[in-house]
There are 2 protein chains.
Amino acid sequence: MGTTLTAKGAATRQRIIQGAATLIQDQGISSTSLDDIAARTQTGKSQLFHYFPEGKTALLVAVAEFEAASILADQQPYLSNLTSWDAWQDWRNRVVERYEAQGRQCRLGVLTTQLGPASAASEKIAADLQAEWERLLLEGIQGMQQSGHIRPSVDAAAAAAALIAGIYGGVLILLASGSAYHLASALDVGIASLRGH
Amino acid sequence: MGTTLTAKGAATRQRIIQGAATLIQDQGISSTSLDDIAARTQTGKSQLFHYFPEGKTALLVAVAEFEAASILADQQPYLSNLTSWDAWQDWRNRVVERYEAQGRQCRLGVLTTQLGPASAASEKIAADLQAEWERLLLEGIQGMQQSGHIRPSVDAAAAAAALIAGIYGGVLILLASGSAYHLASALDVGIASLRGH
DNA sequence: GTGATAATGTACTGGTGAGTCCAATGACCA
DNA sequence: TGGTCATTGGACTCACCAGTACATTATCAC
């Protein structure tokens, strides 16, 4: 990375990150070598270390950032507008559809099981993502309480935590089984419990 | 393993499995080499290959089996006797206590995120465990429906799947954060939803 | 006890993968 | 146009690790 970065350099760097992300999704982090990434992105090891002087760990952190950024973006604008039961249902459908489509290559699964454990920095990225996601759900629940859709006696923080746990577990099972049934069930039960059914 | 196994040999084999399990819990599968396992278990590489002629993969499968067996056993007798709300609460408390105590070294987390992805055989062990666990929960829910504690309109399969997803996600978050709050919340919300609160 | 076989110790091999070195090429700016 | 620095290519080193070969010691059956 020297000091500055030309347009061409920035493009190469981005190509490396995305190529690495794809390889990790396809074959797992432990089977993805720097040589693989170089071959996939039409670069060489010298470029990899040129753009990521701290080596593989730094590259993986960049990949984790890239994945994390897209996970919340994928759920917008629904996730930030959970102001009616229809909106909750729309968000739920978006999540299930997205993860059903991604299947075993889903970004959240890769982030939590492959990239997260790889380094402390990546673990923090995964933790920050989870915290932000949970915060948005909590906001949605509290807003629904203020508008009278959800009873005040509901523990909003616990409900948000339970939803997040259900999503993460559903995705974990999706990774192993390829089925989004558990994810969908967790969301349905969680939302039904908010509605007081 | 040759053909037979003396008492001494069986003990050594078991020591290898447990030592490997501990190392993987402590430092992750990718940082655990056969040399590490040999050193830890006061053996040598020749023993490792003597008892696991198919090599590291077979050893890891044995570790996965060992971990999986203890996960359900840890929840007994509660898990097989979910016949009253008190029993459900006892089971919930047992799970939360156990995982809080295990913290980041929890067996289920290791099995799903470290061992499971390592080979198809280990993945099957993890999948079988999940299926069995879910079956026991389903039995509990259906029994409670028959005894009139849970309304017949509740989708028992979906409720069991949601509980499993919450547990798996709670454990995943426990691995990253060290906190069992999400696990506890998921169980509380899931059980409350069964009770119709 | 003795022979067969299980259990263990040690030294080695071959491959792989992260990271380095240095030379060459290309782009931008004075 | 010439110089500087970013960019790229390719060969190389070094460490680690799974797996092997072979020799030695302990154990069990008869």
Side-chain angles (χ1 to χ4, degrees), chain A residues 1-21 23-24 26-64 114-115 117-122, chain B residues 1-21 23-24 26-64 114-115 117-122:
Chain A
M1 204 146 38
T3 51
T4 55
L5 209 61
T6 67
K8 189 181 182 187
T12 301
R13 193 183 132 99
Q14 196 59 27
R15 204 170 72 239
I16 291 170
I17 292 174
Q18 294 186 2
L23 281 173
I24 293 170
D26 287 350
Q27 60 192 39
I29 198 170
S30 65
S31 322
T32 301
S33 70
L34 291 185
D35 289 304
D36 291 338
I37 298 172
R40 165 92 189 197
T41 57
Q42 259 118 47
T43 59
K45 278 248 263 293
S46 67
Q47 270 112 309
L48 265 44
F49 282 89
H50 182 73
Y51 294 107
F52 301 94
E54 278 113 279
K56 192 182 187 182
T57 306
L59 198 168
L60 293 180
V61 170
V63 174
Q114 309 276 318
L115 295 166
S119 74
S122 297
Chain B
M1 214 150 28
T3 49
T4 55
L5 209 60
T6 69
K8 188 179 181 186
T12 302
R13 192 184 132 100
Q14 196 57 28
R15 204 171 72 239
I16 291 170
I17 293 174
Q18 293 186 3
L23 281 173
I24 292 170
D26 286 351
Q27 59 193 40
I29 197 169
S30 65
S31 320
T32 301
S33 69
L34 291 185
D35 289 304
D36 291 338
I37 297 172
R40 165 93 190 195
T41 58
Q42 259 118 48
T43 59
K45 278 247 266 290
S46 67
Q47 271 110 310
L48 266 44
F49 282 90
H50 182 73
Y51 294 107
F52 302 95
E54 277 112 280
K56 192 181 189 183
T57 307
L59 198 168
L60 294 179
V61 170
V63 174
Q114 308 276 317
L115 294 165
S119 74
S122 297

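Note on naming: letters A, B, ... go to the chains in the order of the sequence lines (proteins, then strands), and numbering restarts at 1 for each one.
- In terms of modelled atom types and a separation under 3.5 Å, the side chain of A:Gln114 and the main chain of A:Gly28 share no donor-acceptor contact.
- Look at CZ on A:Phe52: it is 18 Å from C1' on C:dG17, rounded to the nearest Å.
- Contact between B:Asp35 and B:Lys45 at its shortest, heavy atoms only, is OD1-NZ, 3.1 Å.
- When rounded to the nearest whole Å, the span between CD1 of A:Ile16 and P of D:dT7 equals 10 Å.
- Here A:Thr12 reaches the OP1 or OP2 of D:dT8: one of its side-chain N or O atoms lies under 4.0 Å away.
- Separating the CD1 atom of A:Ile29 from the P atom of C:dG17 is a distance of 14 Å, rounded to the nearest angstrom.
- Residue B:Lys8 has no polar side-chain atom (N or O) positioned under 4.0 Å from OP1 or OP2 of D:dA26.
- A donor-acceptor contact shorter than 3.5 Å is absent between the side chain of B:Glu54 and the backbone of B:Ala58.
- Checking side-chain atoms of A:Ser122 against main-chain N and O of A:Ala118 turns up no donor-acceptor pair under 3.5 Å.
- When each of B:Thr57, B:Val61, B:Ile17 is tested with B:Phe52 by the rule side-chain contact (heavy atoms from CB on, under 4.5 Å), just one qualifies, namely B:Ile17.
- In this structure, CD1 of A:Ile37 is placed 11 Å from C1' of C:dA18, rounded to the nearest angstrom.
- Of all the heavy atoms in B:Lys56 and B:Thr32, the pair that sits closest is NZ-O, 3.1 Å.
- Per the geometry, CD belonging to A:Gln47 stands 17 Å off P belonging to C:dA24, to the nearest Å.
- Remark: A:Thr6 is not in phosphate contact with C:dC28, judged by side-chain N or O atoms under 4.0 Å from OP1 or OP2.
- Contact annotation: A:Tyr51 side-chain N/O to D:dA6 OP1/OP2 distance is not under 4.0 Å.
- Listed for the A:Arg40 side chain is no donor-acceptor partner under 3.5 Å among the backbone atoms of A:Gly19.
- When the C1' atom of C:dA6 is taken as reference, atom CZ of B:Arg13 falls 15 Å away, rounded to whole Å.
- As a whole-Å value, the separation of B:Leu48 CG from C:dT10 P is 15 Å.
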Provide a list of protein-nucleic acid N or O atom pairs under 3.5 angstrom, restricted to nucleotides 16-19 of chain D.
unit_1, atom_1, unit_2, atom_2, d
D:dA18, OP1, B:Lys56, NZ, 2.8
D:dA18, OP2, B:Leu34, N, 2.8
D:dA18, N7, B:Lys45, NZ, 3.4
D:dG19, OP2, B:Lys56, N, 2.9
D:dG19, O6, B:Lys45, NZ, 3.4

